[in-house]
Amino acid sequence: MTVSPYKIKAVGNARYEFISCGPKGEVKKIVEISALKPAGLFNVAFGDIRSDGTIDDMAVTNNNDLVKVFATVIEIIGDFLLSNPFAILFFQGSSEQRTTIYHYILRRYHKLFSEKFIITAMVKVGEIATEMSFDPYYREAYLAFLVRRKL
Amino acid sequence: MSAKKNDNSGRLASLGIVKKKINHTSFPKKIERANKLLEKAVLLKTKEIQTN
């Protein structure tokens with residue numbers, strides 16, 4: 001990813017904020033990492049902060065900075081995994097379409113991401129969600145993605 | 001995680017500390033959805049992934 005990330009403001013140890021800048025103006029974004037029930041797994045959630053302080057995780061900002069926003073999210077993931085090297089980060093789009101966008105970005109930058117992280121993905125096998133290695137050329141829809149730090 | 005469990009058990013103490021600190025969320029629906037997906041999921045063992 002040749003684009004530099006936005007400046008990140010850490011709020012506590014698992015909440016990060018940054019400002020997206022583009023044709024739609026400045027949009028405050030949040031990335032929050034929260035513990036999931038399976039021990040060791042943490043969810044990465046992402047959304048816009050509305051002017052009243054509430055969070056919109058379905059927002060379509062169209063600020064022409066998707067790659068820069070993702071570069072920022074990757075930076076945040078790296079920061080979290082540096083402090084928590086054995087954590088497994090889980091992320092899933094708020095819709096199938098968003099998960100497909102994440103798949104596209106992971107496919108495009110897979111080689112670069114693989115230098116620091118191990119990317120895997122969840123697929124449905126029968127009725128069971130099953131983790132498998134991320135295949136950039138996989139043509140079916142993934143359910144979600146998991147990221148570990150390379151040790 | 002019914003069929004296979006993570007092999008991070010020796011390291012979970014430190015993660016437990018993190019977990020306590022970040023159990024609040026602004027995205028409760030996402031967390032609920034993720035937990036539901038992972039409830040019966042089969043996950044790979046971290047040790048195997050790291051060595052491959």
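Lettering of chains follows the sequences in order, A, B, ..., and the numbering in each one begins at 1.
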Open item on the list: Evaluate A/Leu41 against B/Leu43 for side chain to side chain contact (heavy atoms under 4.5 Å, CB included), listing each step before the verdict.
Closed with: CA-CA 11 Å; A/Leu41 268 82; B/Leu43 298 178; 4.0 Å; yes
Task: Test log, rule side chain to side chain contact (heavy atoms under 4.5 Å, CB included), inputs A/Ser34 and B/Lys30 - done: CA-CA 10 Å; A/Ser34 315; B/Lys30 272 197 170 177; over 6 Å; no
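For A/Met122, the part sitting under 4.5 Å from any heavy atom of chain B is the side chain, from C-beta outward, and nothing else. For A/Ser94, the parts lying under 4.5 angstrom from a heavy atom of chain B are both the backbone and the side chain.
Once rounded to the nearest 0.5 Å, the distance linking CG of A/Leu146 with CG of B/Leu38 reads 7.0 Å. To the nearest 0.5 Å, the span separating CD1 on B/Ile31 from NZ on A/Lys37 amounts to 11.0 Å. The line from CD of B/Glu39 to CD1 of A/Ile128 is 10.5 Å long, rounded to the nearest 0.5 Å.
Under a hydrophobic-cluster definition in which Ile, Leu, Val, Met, Phe, Trp and Tyr are linked whenever side-chain heavy atoms come within less than 4.5 Å, directly or via other members, A/Phe91 and A/Tyr104 are assigned to the same cluster. Note on A/Ile30: it does not cluster hydrophobically with A/Ile76, by side-chain heavy-atom contacts below 4.5 Å among ILVMFWY residues. Under the 4.5 Å side-chain heavy-atom criterion for ILVMFWY residues, a single connected hydrophobic cluster contains both A/Val31 and A/Val69. Side-chain heavy atoms closer than 4.5 Å link hydrophobic residues (I, L, V, M, F, W, Y) into clusters, and following such links, possibly through other members, connects A/Ile77 to A/Val67. The cluster map of Ile, Leu, Val, Met, Phe, Trp and Tyr, joined by side-chain heavy atoms under 4.5 Å apart, puts A/Leu66 and A/Ile8 in the same cluster.
In terms of heavy-atom pairs under 4.5 Å with chain B, the best-connected choice from A/Pro85, A/Ala129, A/Ala144 is A/Ala129.
The heavy-atom pair separating A/Arg15 from B/Ser26 by the smallest distance is NH1-OG, 3.4 Å. The shortest heavy-atom contact between A/Gly47 and B/Phe27 is N-CZ, 4.1 Å. When every heavy atom of B/Ala34 is checked against every heavy atom of A/Leu36, the shortest pair comes out as CB-CD2, 3.7 Å.
Enclosure of atom NZ in B/Lys36 is not indicated, since only 12 or fewer non-hydrogen atoms of other residues, nucleotides or ligands lie within 6.0 angstrom. When the shell of 6.0 Å around OH of A/Tyr138 is examined, it contains more than 12 heavy atoms from other residues, nucleotides or ligands.
Side-chain contact check for B/Asn35 versus A/Pro38: some heavy-atom pair is nearer than 4.5 Å.
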